[in-house]
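A, B, ... follow the sequence lines: proteins, then strands. Residue 1 opens every chain.
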There are 2 protein chains.
Amino acid sequence: MLTIGKLGAAAGVKVPTIRYYEQIGLLPPPGRSTGNQRLYPRAALDRLTFIRHARDLGFPLEAIRDLLSLSDRPDQSCAAADAIARTQLAAVRARIARLTALEAELQRMVAQCAHGTIASCRVIEVLGDHSHCADDDHARADAAA
Amino acid sequence: MLTIGKLGAAAGVKVPTIRYYEQIGLLPPPGRSTGNQRLYPRAALDRLTFIRHARDLGFPLEAIRDLLSLSDRPDQSCAAADAIARTQLAAVRARIARLTALEAELQRMVAQCAHGTIASCRVIEVLGDHSHCADDDHARADAAA
DNA sequence: CCTTGAACCTATAGGTGCTAGAGATATTAG
DNA sequence: CTAATATCTCTAGCACCTATAGGTTCAAGG
Ligand SMILES: [Zn+2]
Ligand SMILES: [Zn+2]
Ligand SMILES: [Zn+2]
Ligand SMILES: [Zn+2]
């Protein structure tokens with residue numbers, strides 16, 4: 001049996017985060033010691049490690065919730081799991097595309113500045129007027145990694 | 001003079017967002033009509049357009065706040081503004097690097113799945129064990145575009 | 001056995017950048 | 001004048017935690 005601190009250390013997840021996952025139903029409430037402290041079986045470490053790894057790969061908690069419930073039904077087809085992963089891959093690619101457009105524009109902006117006064121600063125000027133931009137590709141879209 | 005709706009339409013910013021910017025002190029409180037509705041001078045459109053563009057380029061509101069107060073002092077050196085832009089460029093590049101690592105791992109995961117049952121699904125397996133990953137580069141880091 | 005200090009408990013609030021809703025008032029077009 | 005639209009304030013919610021406060025339990029050393 002593991003205390004919440006040991007569990008967190010083993011999985012690389014902070015203690016309040018574990019409690020948060022329990023609160024939103026991503027981790028089942030574990031048993032308690034006589035003094036009311038959480039005690040986790042080894043299996044909880046696998047589950048938390050799974051969650052942590054999926055978070056590291058950018059999956060949203062809702063997707064992880066679905067993946068976990070799928071992994072509890074080992075006989076079923078994995079099509080649903082694969083679809084979730086492909087969706088995530090597409091989301092990551094979309095973010096990369098957007099960020100790459102931002103990078104180009106920022107790079108241009110920084111490179112063109114002559115390091116004089118604010119009045120002649122290219123950074124300030126470009127920010128004030130999108131028509132100075134080479135690309136339209138930074139139309140607002142999304143967030144989060 | 002512009003109503004909040006016209007201002008928002010002109011700058012491509014939603015009305016509640018404008019009120020939010022006012023609330024956090026990013027936009028100065030404008031005058032009001034006799035019926036207590038906000039009335040903006042033309043200059044507010046420039047300021048809001050600046051904010052919108054900087055947001056589109058991923059600058060956090062705090063950085064934009066700094067950039068705006070710099071742009072109010074046109075005689076000063078633009079070094080501080082350039083530094084903010086370079087910081088933003090570095091942040092964008094860091095996110096791209098991280099997302100590119102995620103992309104590679106997700107791609108591998110999806111490609112290796114044989115489309116059988118959950119029990120043999122490579123997606124589920126890799127998520128459960130980071131040692132299946134080719135790279136360590138998805139150690140948690142940041143967020144937001 | 002007793003004390004100390006770390007780890008644990010609950011509950012609440014904050015952070016980022018908005019967005020959505022309720023319920024009331026103002027303005028504008030027909 | 002009336003009806004539709006736009007505005008007003010206030011509050012709560014989104015994702016995903018993180019931090020704080022104020023209290024209890026546990027493990028080890030003396
Ligand atoms: Zn400059
Ligand atoms: Zn632009
Ligand atoms: Zn599969
Ligand atoms: Zn991995």
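- Nucleotide D:dC8 holds its P atom 11 Å from the CG atom of B:L7, rounded to whole Å.
- Taking atom CD1 of B:I18 as the reference point, atom P of C:dG17 lies 17 Å away to the nearest angstrom.
- Between B:Q23 atom CD and C:dT19 atom P there is a gap of 14 Å when expressed in whole angstrom units.
- In terms of phosphate contacts, B:K14 brings a side-chain nitrogen or oxygen within less than 4.0 Å of OP1 or OP2 of C:dT19.
- In this structure, A:R38 reaches the sugar-phosphate backbone alone: every heavy-atom distance under 4.0 Å involves primed, P, OP1 or OP2 atoms, never a base.
- For B:R42, the CZ atom counts as loosely surrounded, since its 6.0 Å shell holds 12 or fewer non-hydrogen atoms of other residues, nucleotides or ligands.
- The pair A:R52-A:D56 meets the salt-bridge criterion, since a charged nitrogen lies less than 4.0 angstrom from a carboxylate oxygen.
- Between A:Y20 atom OH and D:dA19 atom C1' there is a gap of 15 Å when expressed in whole angstrom units.
- Among the nucleotides D:dC16, C:dG17, D:dC8, the one closest to the side chain of A:L61 is D:dC16.
- Atom CD of A:E62 is separated from atom P of D:dG13 by 17 Å (rounded to the nearest Å).
- The shortest distance between the side-chain N/O atoms of B:R32 and the OP1/OP2 oxygens of D:dT9 is below 4.0 Å.
- Atom CG in A:L39 sits roughly 11 Å away from atom C1' in D:dC26 (whole-Å rounding).
- With rounding to whole Å, A:I51 atom CD1 is found 12 Å from D:dC16 atom P.
- Here B:R19 does not pair with B:E22 in a salt bridge; the nearest charged N to carboxylate O distance is not below 4.0 Å.
- Contact between the side-chain N/O atoms of A:R19 and the OP1/OP2 oxygens of D:dT18 is not found at any separation under 4.0 Å.
- Side-chain contact check for A:D136 and A:H130: at least one donor-acceptor pair (N or O, by modelled atom type) lies under 3.5 Å.
- Protein atom CD of B:Q37 is 7 Å distant from nucleotide atom P of D:dT7, rounded to whole Å.
- Under 4.0 angstrom from either OP1 or OP2 of D:dA6 there lies no side-chain N or O belonging to B:T3.
- With 3.5 Å as the limit, one finds a donor-acceptor pair spanning the side chains of A:R93 and B:Q107.
- The phosphate of D:dC17 (OP1 or OP2) has a side-chain N or O of A:Y21 nearer than 4.0 angstrom.
- Here B:I24 lies out of heavy-atom contact (under 4.0 Å) with every strand.
- Regarding contacts with the backbone of C:dT19, a side-chain N or O of B:T17 is found under 4.0 angstrom from either OP1 or OP2.
- Between A:N36 and B:G5, the residue anchored nearer the 5' end of DNA chain D, judged by the nucleotide with its closest heavy atom, is B:G5.
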